[in-house]
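Only a predicted model underlies this, so the values are computations on that prediction, with no experimental measurement involved.
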Amino acid sequence: LDPDVEAKLNCSILNGGSTEKTCAGNFNSIIAVQDGLVIGALMCLWLTTMLLYNRSPIAWIACALALASTKPLFFANHLLTEILILFFFAALMLALVLALKHGVRRCWPIIGIIIGLMVLTRPEYVYLAYFFILIGIFIAVRHGSKRVYLSLILFVVAYSTVVGPWVARNHHHFGHFAVTGGYSDIIIS
């Protein structure tokens, strides 16, 4: 989307990471997007805390503590996948609180999408998806409610819609239906 950033990244890779003397340009557009992800994560944290405790001071303290850890600002200034996971995880917590505490059933496909995006960002989160599916099956069988079955089906369909094309691509290129080849299990261990 930003030819200047593309040129600088290519130059940096070709010059072994040195950007100070040989590569012209800047990474301001990437930093701006990553700053937006930090703000989005903090907004999700604030809203989640408000939904749980219904106290504005507690929500502000939660955000202040998150910022005091320095991790959001650190990841906003580095080209790492952690900034995406930080945002997706905060969004996941918000969606889970809405679904479980406030009974917003339409959040289950959103949760499936968020976990799918987490899996595409860091493959080890596929185990979180498996966990959600297993817990969903257990709860659906235990309660026998059509709403629970529907929520589980919507979650699986949304998750599969996000991850499915990547898994199909891996099957086409590498011959196996997997998000990655042996990476996620090593990370999770």
Side-chain angles (χ1 to χ4, degrees), residues 1-2 5-6 8-10 12-13 17 27-49 62-63 65-67 69-100 106-136 151-189:
L1 296 174
D2 188 338
V5 170
E6 180 185 9
K8 180 145 185 189
L9 284 173
N10 286 332
S12 178
I13 291 168
F27 295 116
N28 290 340
S29 60
I30 291 176
I31 292 172
V33 168
Q34 294 188 157
D35 286 345
L37 289 170
V38 168
I39 291 168
L42 290 172
M43 288 174 60
C44 288
L45 175 62
W46 191 89
L47 288 168
T48 301
T49 309
C63 290
L65 289 173
L67 281 174
S69 76
T70 69
K71 294 303 178 196
L73 299 178
F74 173 81
F75 292 131
N77 291 299
H78 290 81
L79 291 174
L80 300 169
T81 58
E82 281 80 357
I83 192 71
L84 291 170
I85 291 300
L86 181 74
F87 173 75
F88 293 146
F89 198 81
L92 177 63
M93 293 302 101
L94 176 59
L96 281 171
V97 167
L98 285 169
L100 296 173
R106 66 181 175 270
C107 282
W108 287 108
I110 295 169
I111 292 168
I113 290 168
I114 293 169
I115 292 178
L117 292 170
M118 291 173 79
V119 168
L120 293 179
T121 305
R122 301 289 297 260
E124 63 268 19
Y125 285 99
V126 72
Y127 297 111
L128 182 62
Y130 295 158
F131 176 76
F132 270 69
I133 292 168
L134 288 174
I135 292 297
S151 295
L152 176 61
I153 290 168
L154 291 173
F155 170 83
V156 170
V157 167
Y159 170 79
S160 300
T161 301
V162 173
V163 176
W166 184 255
V167 171
R169 174 241 182 232
N170 284 348
H171 181 265
H172 180 273
H173 286 292
F174 306 115
H176 57 86
F177 286 106
V179 175
T180 187
Y183 176 69
S184 60
D185 55 342
I186 293 168
I187 294 297
I188 204 77
S189 295

K.L.:
Find the distance between CZ (Phe75) and OG1 (Thr81) and round it off to the nearest 0.5 Å.
P.N.:
8.5 Å
K.L.:
Judged by atom type as modelled, is there a donor-acceptor pair below 3.5 Å linking the side chain of Trp166 to the main-chain atoms of Leu120?
P.N.:
no
K.L.:
What's the verdict on side chain to side chain contact (heavy atoms under 4.5 Å, CB included) for Val126 and Phe131, showing C-alpha distance, side-chain angles and the deciding distance?
P.N.:
CA-CA 9 Å; Val126 72; Phe131 176 76; over 6 Å; no
K.L.:
Could you check if a side-chain atom of Leu86 sits within less than 4.5 angstrom of a side-chain atom of Pro72, using non-hydrogen atoms only?
P.N.:
yes
K.L.:
Any idea which heavy atoms bring Ala129 and Ile115 closest together, and the distance?
P.N.:
CB-CG2, 3.7 Å
K.L.:
Roughly how far apart are Leu92 CG and Leu117 CG, rounded to 0.5 Å?
P.N.:
11.0 Å
K.L.:
Using modelled atom types only, decide if a donor and an acceptor are shared between the side chain of Gln34 and the backbone of Ile83 within a distance under 3.5 Å.
P.N.:
no
K.L.:
Residues two or more places apart in sequence or in another chain: which of them pass ring pair (Phe, Tyr, Trp, His ring centres under 6.0 Å) with Phe132?
P.N.:
Phe155
K.L.:
If you compare all heavy atoms of Ser160 against all heavy atoms of Pro165, which two are closest, and at what distance to 0.1 Å?
P.N.:
O-CD, 4.0 Å
K.L.:
For the CZ atom of Phe89 and the CG atom of Leu128, what is their distance to the nearest 0.5 Å?
P.N.:
7.5 Å
K.L.:
Determine, for Glu82 against Arg122, whether the closest basic-nitrogen to carboxylate-oxygen distance falls under 4.0 angstrom.
P.N.:
yes
K.L.:
Once rounded to the nearest 0.5 Å, what's the spacing between atom CG of Leu96 and atom SG of Cys107?
P.N.:
9.0 Å
K.L.:
Apply side chain to side chain contact (heavy atoms under 4.5 Å, CB included) to the pair Phe177 and Asn170, showing each step before the final yes or no.
P.N.:
CA-CA 6 Å; Phe177 286 106; Asn170 284 348; over 6 Å; no
K.L.:
Could you tell me which non-hydrogen atom of Leu42 sits nearest to which non-hydrogen atom of Cys63, and how far apart they are?
P.N.:
O-SG, 3.4 Å
K.L.:
For a quick test of reading the model, state the closest non-hydrogen atom pair linking Ala62 to Leu45 and the distance between them.
P.N.:
O-CD2, 3.5 Å
K.L.:
If you draw a 6.0 Å radius around NE2 in His173, do more than 12 non-hydrogen atoms from other residues or ligands fall strictly inside?
P.N.:
yes
K.L.:
Quick check: closest heavy atoms across Ala90 and Thr48, and the distance to 0.1 Å?
P.N.:
O-OG1, 4.3 Å
K.L.:
So which heavy atom on Gly116 is nearest to which on Val162, and how close?
P.N.:
C-CG1, 3.5 Å
K.L.:
Is there a side chain to side chain contact (heavy atoms under 4.5 Å, CB included) between Leu98 and Arg106 once you walk through the steps?
P.N.:
CA-CA 9 Å; Leu98 285 169; Arg106 66 181 175 270; over 6 Å; no
K.L.:
Quick check for you: to the nearest 0.5 Å, what is the distance between Ile111 atom CD1 and Leu154 atom CG?
P.N.:
11.0 Å
K.L.:
Check the pair Trp108, Ile153 against side chain to side chain contact (heavy atoms under 4.5 Å, CB included), reporting the backbone distance first and the verdict last.
P.N.:
CA-CA 9 Å; Trp108 287 108; Ile153 290 168; over 6 Å; no
K.L.:
Would you give the length of the straight line joining atom CH2 of Trp46 to atom CD1 of Ile39, rounded to the nearest 0.5 angstrom?
P.N.:
15.5 Å
